[in-house]
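The structure appears right after this line, and notes come after that.
Fair warning: this is a prediction, and the values are worked out from it, not measured in the lab. Per chain, numbering begins at 1; letters A, B, ... match sequence-line order.
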Amino acid sequence: MTRTLTAELKEKVGEQVTVRGWVQAVRDQKRMQFLILRDETGLAQAVLPKEEPPSELNEAITALTAESAVTVTGTVVADERVKLGGLELRIEGLTVDSLAEPELPIAEDSALDKRIDWRYLDLRRLDRRLIFEVQTTAEHAMREFWRREHFIELHTPKFMGSASESGAELFKVEYFDREAYLAQSPQFYKQMAMAAGFGKVFEVGPVFRANPSFTSRHDTEFTSVDVEISWIDSHEDVMAFEERWLAHVLASVKEIHGEQIEATFDAEVVVPELPFPRVTLEGAKEMLREHGHEAPGAGHDLDPPSERALSEIIKQQQGHEFAFVTDYPTTVRPFYHMRHADQPTLTKSFDLLWRGIELTTGAQREHRYEQLLAQAKDKGVDTPPIQYYLDFFRFGAPPHGGFGFGLTRLLMQMLGQDNVREVTFLYRGPHRLEP
RNA sequence: GGGGGCGUAGCUCAGCAGGUUAGAGCGCUGCCCUGUCACGGCAGAGGUCGCGGGUUCGAGUCCCGUCGCUCCCGCCA
């Protein structure tokens, strides 16, 4: 049997077709039975007159419950009375593939946490599906761009013998007779690819952070998009790549899903102008103070309210939703970020803000072995466990830099969602390991 | 880790200053309804008020503890 999708029905008027999907609603009346069917492409009405006494088919429809999985065979008929596309299916056969229990544990207006408990039911809604269609398009556009520019795709290990970055907490796991850690980032390995002469690399993969963060934009496992580029002159080259790449991604999403995103989430996808605004961290703080906002003191990163305010100011002044904030002090950056030759307390690093939230952290990396050792010592890093990493720079390493990018944060902002959990297939947090 | 808010029916919530048998809408079950389309009408079932302890003649309501959810901060993508 060939399955016809509900979206294809308009081309099949007069034909007998088989549609397979879920029962959205049953309206069982005295003389007429209506069955609203949903598949991944939309909704369709199926209809059957009720016989006296009711036929077996009538009884089967009466017994249906919402969200049951069914296969319906019938003839497609154009009928102006039908508000759902002016089409309906005159039912000739029905198979109940799986009867749903009558009371569903969640409804459209259920709280997010409860919806995640029953995520597979929540995801049956077509607007949730759109989120993952957009994700697919965005990733495809990223790869398209990378391939065009001769990047190599990496799949780095997620088990590690030691920490790859300071700051974020590590998950410890049993690993035979010793302990291992889940990777917080592919940072060291993408740098290894630079030492291996790969030139330009990317990875889209999971990272793990054992931070007990209870906010709308953190999770303990998320999909990180990582890029690393060799033979750069400074972090400026990395930013210049990232903005072109992102503009391409947003243009693709807008072209394919822009209208639907606007209709579904009331969010406009704006393709950004190049170049993105750039401001140094200290310059940003000055801007904030000029506009009457409090800003953290020297040596400190922007706090979230400052980031939101900064995005707002730049939006007003330059009409741009993105902003690169550059030149973070060494105090808030890891040891491997390259320092400015003339200002050794500042790193050649950047963050990318979009509509007030951090999408990216990037930098030029220190590729000179002796300098890297000195910086590790300066930051109090315990070097023996990461000697394998330091060794990457002993036998000829190119100048390089790159960035890490939160895929879910991109989606959240793109779709006007207020929580990364909405755009994560299955959220993982401090108290969430199921489903 | 720190702070704010919350936890009452399958779902979303109400429950005023502690006072008989804890309510509503949606959903569910049954009956009725000539084409519905958020169908409509009538009837019904459904609750150890997160959990434990305390105050009180009496606790959904007040107090303490605990668990969970949520938002903000810290941390970060």
Q. Counting a pair only when it is Watson-Crick or G-U and both distances are under 3.5 Å, which runs of at least 3 such pairs involve RNA chain B?
A.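 Correct response: B:1-7 with B:67-73, B:10-13 with B:23-26, B:28-32 with B:40-44, B:50-54 with B:62-66.
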Q) Quick one: side chain to side chain donor-acceptor pair (under 3.5 Å) partners of A:Asn419, sequence neighbours excluded? A)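 Counting only residues at least two positions away or on another chain, A:Asn419 forms a side chain to side chain donor-acceptor pair (under 3.5 Å) with A:Arg421.
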Q | For A:Lys348, all residues meeting salt bridge (charged side-chain N to carboxylate O under 4.0 Å, His left out), sequence neighbours excluded | A |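 With neighbours one apart ignored, the set is empty.
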Partners passing ring-ring contact (aromatic ring centres under 6.0 Å, His included) against [X] (at least two apart in sequence or in another chain):
X: A:His431; value: A:Phe214
X: A:His235; value: A:His340
X: A:His320; value: A:Phe276
X: A:Phe159; value: A:Tyr175

(Q) Please list all pairs meeting ring pair (Phe, Tyr, Trp, His ring centres under 6.0 Å) that have one or both residues in residues 66-118 of chain A, counting only residues at least two apart or in different chains. (A)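 Applying ring pair (Phe, Tyr, Trp, His ring centres under 6.0 Å) to every pair that reaches into residues 66-118 of chain A, excluding sequence neighbours, yields nothing.
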Q) Looking at RNA chain B, which of residues 346-365 of chain A put a heavy atom within less than 4.0 Å of it? A)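 By residue number: A:Glu358, A:Leu359, A:Thr360, A:Thr361.
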(Q) Output one letter per nucleotide in nucleotides 66-73 of chain B: B when a protein non-hydrogen atom lies under 4.0 Å from the base, S when only the sugar-phosphate is that close, - when neither is. (A) ---SSBBS
Q. Just by protein heavy atoms under 4.0 Å, how would nucleotides 40-48 of chain B read 5' to 3' in B, S and -?
A. ---------
Q) For A:Phe171, which residues count as a side-chain contact (heavy atoms from CB on, under 4.5 Å) partner, sequence neighbours excluded? A)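 If we apply the side-chain contact (heavy atoms from CB on, under 4.5 Å) test to A:Phe171, skipping adjacent residues, the hits are A:Leu182, A:Phe208, A:Ala210, A:Thr220.
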